[in-house]
Amino acid sequence: DVTGDVNVICQDDLKNGIDNLMLPDARQKCQNQADKQLDIAYSVLPHLTIAYEKSSSIPIQDCKYIISNISNVLPPLSEWDEVRLGVLLPILSVILENDSNQ
């Protein structure tokens, strides 16, 4: 399974951080996989953010979880960090906007 192989390569990159150098082919596979995941996330995010917009209050634990995950990947050191930020930042934005409007 090529997708599984790419995930293993990319996960290894995350474990070793910025010190890990990948060959161009492996880096390109990782980037392509991250791009596919972002495309999927962006197709789902509009529906997901609506749930946060319509919620009267978001549990503080959910907010802490999102903020903690964002803090863990700033600055983004890999393509997968960018994917996580690409999903979490729009959700946090809606939560904060919803909270300020109440």
Side-chain angles (χ1 to χ4, degrees):
D1 178 26
V2 175
T3 304
D5 294 341
V6 171
N7 280 335
V8 169
I9 291 168
C10 294
Q11 291 302 321
D12 286 343
D13 185 38
L14 284 176
K15 288 179 196 169
N16 297 326
I18 199 163
D19 295 331
N20 184 27
L21 297 176
M22 292 173 41
L23 295 172
D25 287 344
R27 166 91 40 221
Q28 187 60 47
K29 286 179 186 177
C30 193
Q31 180 64 50
N32 291 343
Q33 184 67 18
D35 289 344
K36 287 178 187 176
Q37 293 299 318
L38 271 177
D39 289 342
I40 292 168
Y42 289 153
S43 69
V44 174
L45 269 173
H47 307 289
L48 186 59
T49 54
I50 287 173
Y52 283 98
E53 287 173 3
K54 295 186 179 203
S55 177
S56 59
S57 68
I58 307 299
I60 192 72
Q61 289 302 95
D62 289 353
C63 294
K64 286 181 180 179
Y65 174 79
I66 291 170
I67 292 169
S68 171
N69 275 281
I70 290 171
S71 298
N72 289 337
V73 294
L74 284 177
L77 298 177
S78 73
E79 288 82 7
W80 292 106
D81 289 349
E82 293 174 14
V83 171
R84 289 175 68 187
L85 288 175
V87 172
L88 294 172
L89 285 174
I91 293 171
L92 181 61
S93 171
V94 169
I95 291 171
L96 293 174
E97 183 178 330
N98 188 32
D99 191 50
S100 68
N101 289 337
Q102 291 183 5

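Quantities reported herein were computed from a predicted structural model and do not represent experimental measurements.
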Consider only side-chain heavy atoms of I, L, V, M, F, W and Y, link residues closer than 4.5 Å, and tell whether I40 and L48 are in one cluster. no
Distance-only donor-acceptor pairs under 3.5 Å for side chains of residues 59-68, two or more places apart:
none

Calculate, to the nearest 0.5 Å, the distance between atoms CD and CG belonging to Q28 and N32 respectively. 4.5 Å
Run the side chain to side chain contact (heavy atoms under 4.5 Å, CB included) check on I50 and V94 step by step: do they pass? CA-CA 9 Å; I50 287 173; V94 169; over 6 Å; no
Atom of P46, atom of T49 and distance for their closest heavy-atom approach: O-OG1, 3.2 Å
Is there a path of hydrophobic side-chain contacts, each under 4.5 Å between heavy atoms of I, L, V, M, F, W or Y residues, that connects V44 with L88? no
Counterpart residues, side-chain contact (heavy atoms from CB on, under 4.5 Å), relative to V83 (two or more places apart): A34, Q37, L38, W80
Contact summary for L45 and G86, nearest pair of heavy atoms: CD1-O, 3.5 Å
Hydrophobic cluster membership, with links at side-chain heavy-atom distances under 4.5 Å among I/L/V/M/F/W/Y: are L89 and L96 in one? yes
What distance separates D81 CG from I70 CD1, expressed to the nearest 0.5 Å? 12.0 Å
